[in-house]
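See structure below.
Given the structure is predicted, the values throughout are model-derived calculations rather than measurements. Only heavy atoms go into these numbers, but all of them, side chains included; no hydrogens, no water, no symmetry mates.
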Amino acid sequence: MADPSSYRPKPGQIPDSPGVYKFRDEHRRVIYVGKAKSLRQRLSSYFQDITNLHQRTATMVTTAASVEWTVVSTEVEALQLEYSWIKEFDPRFNVKYRDDKSYPSLAVTMNEDFPRVQVMRGPKRKGVRYFGPYAHAWAIRETVDLLLRVFPVRTCSPGVFKRSAQIGRPCLLGYIGKCSAPCVGRISPEDHRELAEEFCDFMAGHTGTYLRRLEQRMKDAAGAMEYEQAARLRDDIEALRRAMEKNAVVLADATDADLIAVAEDELEAAVQIFHVRGGRVRGQRGWVTDKVEAVDTAGLVEHALQQLYGDETGDAEQSGGSGGVPKEVLVPALPEPAGPVTEWLCERRGSHVSLRVPQRGDKKDLMATVQRNAQQALALHKTKRASDLTTRSRALEEIAAALDLDDAPLRIECYDISHLQGDDVVASMVVFEDGLSRKSEYRRFQIKSFAGQDDVRSMHEVISRRFRRYLQEKQRTGEWAEDQEDQQVGGEVEAHSGPIDPDTGRPRKFAYPPQLVVVDGGQPQVAAARRALDELGIDDVAVCGLAKRLEEVWLPGENDPVILPRTSEGLYLLQRVRDEAHRFAINYQRSKRSRTMKAGALDTVPGLGETRRQALLKHFGSLKRLRSATVEEICEVPGIGRRTAETVAAALASAAPAAPAVNTATGEIIEEGDATPAPPEPVPSDHRGKSE
């Protein structure tokens with residue numbers, strides 16, 4: 001590991017101008033490429049106190065052994081050179097988007113004498129027009145099968161084409177009318193190329209003119225009493241319309257645009273792109289990458305733009321399909337600065353490009369759809385990674401080795417504290433067994449021993465309560481291993497012993513101890529958890545904390561954290577456990593806050609439960625109207641008798657109107673008469689945790 005000061009350039013040696021720089025390791029391999037508006041300012045930031053750097057940046061500068069740079073005249077040139085060097089050197093510390101699968105595209109080989117329609121994967125070739133990419137190859141084949149009726153372009157391989165030409169007999173598609181059979185001279189090369197051009201125009205979205213032309217030909221044939229020809233044209237029109245229906249209109253103004261969305265967490269990011277041509281989604285693709293450098297959403301967008309358009313030239317219409325650079329590129333966040341990137345896109349296209357964040361209307365709605373696809377792609381990627389048994393086993397082994405445990409932690413419990421400025425303080429406990437979540441074992445806690453914000457004290461209380469219950473279960477049921485012999489009566493174990501309830505067949509509450517307790521936080525939270533276990537005399541449960549800022553693992557009594565490698569499956573598992581505990585705690589805290597905000601005068605009415613409160617509010621529409629109602633009107637509500645109605649009316653009359661409630665998330669004042677108060681937001685149904 002190198003000391004950055006050993007290769008730091010001398011003061012004044014770095015020019016104050018735009019440029020691109022490369023960090024190399026001791027073997028002269030390029031490990032990072034970056035660009036800067038001012039090389040002096042950017043490179044100086046790498047050689048500050050290493051403790052002030054982001055963890056990934058610190059790892060990069062200590063891995064490097066030298067730095068060099070190239071001065072350019074503009075930021076646009078810097079952007080182009082950065083892309084070229086990343087592509088050439090493949091640096092390990094640069095974000096590189098890779099397809100999570102090789103997406104197929106519909107390709108028309110216009111560079112051949114007889115253009116061929118086929119499914120293609122991999123890098124684009126010169127002289128080939130591409131449409132897509134598509135999620136599935138069968139979707140391309142269905143579309144082509146419909147269009148070949150109208151555009152009978154060649155689809156056969158070179159071998160089949162050559163063989164048919166030799167024997168003077170076309171293949172089956174030539175006999176059934178789905179190929180114009182250029183192999184046997186039924187159509188001239190010029191006419192076949194024109195047919196391929198029409199096919200490309202239709203796929204590029206120029207459908208209206210062609211359909212109108214076919215409809216006119218159909219009417220002319222019917223007028224000339226050529227009914228067979230008119231019927232064939234009618235069927236052709238229907239086939240084209242069925243092909244068009246496969247790509248529904250999403251933008252009404254025949255827009256050509258690419259929409260890019262990003263979903264990310266601390267270690268990985270997923271990008272989804274929708275290619276919209278002529279107002280229709282013509283293609284979709286996605287990438288997943290490791291976040292090997294300190295980069296925000298705007299930086300991820302810039303890398304995605306480089307990856308997407310680095311090898312593209314011309315506009316989308318000239319390239320056909322989803323190729324080229326469209327008029328509009330819609331992104332979730334603009335790169336900083338956005339000017340050079342926009343100028344670079346304009347140069348690639350050869351005309352103006354609008355790079356912006358959609359703010360309203362159909363484009364914003366479609367961007368939300370793309371964002372959901374990105375989130376699902378990231379979740380699917382993580383699910384596939386987590387569901388692999390070998391990967392989970394390796395993760396548990398890495399955790400055991402890093403924390404110096406005797407055995408792999410088959411049961412891990414993670415705890416997180418959540419509150420809103422010290423109010424509604426709650427905690428969550430999530431359980432992972434064999435690397436997979438056990439949602440039936442999740443638990444939720446309300447902090448009871450004190451009021452206010454103190455995460456350390458809250459963590460101590462939660463750990464104490466959970467393991468005090470564990471000790472109570474042991475005392476009540478007996479230890480299922482060594483204590484069973486003492487409980488045997490006449491050679492049989494007493495029915496109440498063991499962690500499984502014999503009446504229900506389910507695990508007893510808090511009966512299973514974890515091998516590892518993970519807390520969300522650093523040294524203070526870890527120390528509080530360890531102290532709680534020591535006070536209860538529990539010394540066979542390991543404790544660690546995962547601090548979110550640098551993803552370092554803290555152990556009790558240690559001054560320095562354990563740093564797991566970025567590619568470690570153990571770190572990935574600990575992060576998933578921590579994030580799940582955080583999500584579960586946030587949901588519980590929000591539900592409590594929602595109930596608190598909606599509490600009112602009806603909550604103090606004796607004998608009035610939640611069901612009848614909701615019935616009253618639903619009937620009158622608001623508390624304001626209920627307060628002005630008479631006893632007789634209240635009695636009209638199903639389930640409300642006269643005595644209850646009188647109690648409600650008296651309680652509302654004596655209670656002063658409450659101050660307007662405020663939504664703490666948005667600052668919006670919730671007026672009492674605006675709408676019917678909704679029931680409290682429930683915890684999602686898949687969270688089967690129980691309040692403790």
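- From L355, atom CG reaches atom CG of L305 across 6.0 Å, with rounding to the nearest 0.5 Å.
- The residue from R193, R154, R125 that alone fulfils the salt bridge (Lys or Arg N to Asp or Glu O under 4.0 Å) condition with E112 is R154.
- Counting only distance, with no hydrogens or angles, the side chain of N94 and the backbone of V33 share a donor-acceptor pair below 3.5 Å.
- Put simply, the side chain of E68 does not reach to within 4.5 Å of the side chain of Y21, judged on heavy atoms.
- Remark: aromatic rings of F23 and F93 are distant, center separation not under 6.0 Å.
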Please lay out, stage by stage, how M110 and V128 fare under the test side-chain contact (heavy atoms from CB on, under 4.5 Å).
CA-CA 5 Å; M110 301 302 293; V128 179; over 6 Å; no
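- Under the 4.5 Å side-chain criterion, counting only non-hydrogen atoms from C-beta, P9 is in contact with V67.
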Residues F432, R576; criterion side-chain contact (heavy atoms from CB on, under 4.5 Å); working and verdict
CA-CA 10 Å; F432 276 59; R576 280 205 308 128; 3.8 Å; yes
List the steps, then state whether side-chain contact (heavy atoms from CB on, under 4.5 Å) holds for V331 with L259.
CA-CA 6 Å; V331 295; L259 291 89; over 6 Å; no
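- Between P561 and W554, the shortest heavy-atom contact is CD-CH2, 3.5 Å.
- A distance of 8.0 Å separates OG1 in T342 from NE2 in H352, rounded to the nearest 0.5 Å.
- Between the side chains of R349 and S351, at least one donor N or O lies within less than 3.5 Å of an accepting N or O.
- Note that the CG atom of L573 and the CG atom of L436 stand 9.0 Å from one another [nearest 0.5 Å].
- Put simply, the side chain of V353 does not reach to within 4.5 Å of the side chain of K327, judged on heavy atoms.
- Note that the CZ atom of R40 and the CG atom of D16 stand 5.0 Å from one another [nearest 0.5 Å].
- When atom types are taken as modelled, the side chain of S428 and the backbone of A581 share a donor-acceptor pair closer than 3.5 angstrom.
- Using modelled atom types, one side-chain atom of T109 and one backbone atom of R116 make a donor-acceptor pair closer than 3.5 Å.
- The backbone N or O of E569 lies less than 3.5 Å from a partner atom in the side chain of E398, making a donor-acceptor pair.
- A pairwise comparison of heavy atoms in P332 and I260 identifies CD-O, 2.8 Å as the closest pair.
- Between F151 and F199, the ring planes are perpendicular. Angles over 60° get that label, and only those under 30° would be called parallel.
- Under 3.5 Å, the side chains of Y442 and Y588 contain no donor-acceptor pair of N or O atoms.
- Shown here for I86 and P91, the closest heavy-atom pair between the two residues is O-CD, 3.6 Å.
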Under 3.5 Å, side-chain donor or acceptor atoms of residues 367-374 against the rest of the protein: list the pairs with distances, not counting sequence neighbours.
| unit_1 | atom_1 | unit_2 | atom_2 | d |
| --- | --- | --- | --- | --- |
| T369 | OG1 | D365 | O | 3.4 |
| T369 | OG1 | R372 | NH2 | 3.1 |
| Q371 | NE2 | V262 | O | 3.0 |
| N373 | OD1 | Q284 | NE2 | 3.4 |
| N373 | ND2 | T369 | O | 2.8 |

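- Side-chain atoms of T63 and D25 form no donor-acceptor pair, as typed in the model, at a separation below 3.5 Å.
- Residue P115 comes nearest to V153 through the heavy atom pair O-CG1, 3.6 Å, listed as atom of the first residue, atom of the second, then distance.
- Between the side chain of Q359 and the main chain of V357, a donor-acceptor pair closer than 3.5 Å is present.
- Remark: K22 is not positioned above the aromatic ring of W69, lacking an NZ or CZ atom under 6.0 angstrom from the ring centre and at most 45 degrees off the axis.
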Run the ring pair (Phe, Tyr, Trp, His ring centres under 6.0 Å) test on F89 and Y32 for me, step by step, so that the C-alpha distance in whole Å, both residues' side-chain angles and the decisive distance to 0.1 Å come before the verdict.
CA-CA 9 Å; F89 297 113; Y32 184 74; over 10 Å; no
Given side-chain contact (heavy atoms from CB on, under 4.5 Å), test L366 with K363 step by step and report yes or no.
CA-CA 5 Å; L366 183 57; K363 294 176 182 178; 5.7 Å; no
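- Of all heavy-atom pairs between V553 and C544, the closest is CG1-CB, 4.0 Å.
- For R129 (side chain) and V108 (main-chain N/O), no donor-acceptor pair under 3.5 Å exists by modelled atom type.
- For the atom pair CG of L345 and OH of Y309, the computed distance is 7.0 Å after rounding to the nearest 0.5 Å.
- A donor atom on one side chain and an acceptor atom on the other are not found under 3.5 Å apart for E328 and S354.
- The closest side-chain heavy-atom distance from L330 to F274 is not below 4.5 Å.
- The shortest distance between side-chain heavy atoms of E82 and E77 does not fall below 4.5 Å.
- The environment of CD in E88 is crowded: more than 12 heavy-atom neighbours from other residues, nucleotides or ligands sit within 6.0 Å.
- Using a 4.5 Å heavy-atom cutoff, the side chains of K37 and P340 are not in contact.
- Residues L308 and I273 form a side-chain contact, since some pair of their non-hydrogen atoms from C-beta on lies under 4.5 Å apart.
- Side-chain contact check for T155 and Q118: no donor-acceptor pair (N or O, by modelled atom type) lies under 3.5 Å.
- Taking the six-membered ring where tryptophan is involved, the planes of W344 and Y83 are tilted, since the angle between them lies from 30° to 60°.
- Checked by atom type and distance alone, the side chain of R42 pairs as donor or acceptor with a backbone atom of K35 at under 3.5 Å.
- By the 4.5 Å heavy-atom criterion applied to side chains, L79 and E302 are counted as neighbours.
- Taken to the nearest 0.5 Å, the OG atom of S84 stands 9.5 Å off from the CD atom of Q306.
- For the pair R583 and E580, the salt-bridge criterion is met [side-chain N within less than 4.0 Å of a carboxylate O].
- With S568 contributing its side chain and L564 its backbone, the two residues share no donor-acceptor pair below 3.5 Å.
- Here the shortest heavy-atom pairing between V71 and S17 reads CG1-OG, 3.4 Å.
- T57 contributes no side-chain N or O that, together with a main-chain N or O of L53, makes up a donor-acceptor pair within less than 3.5 Å.
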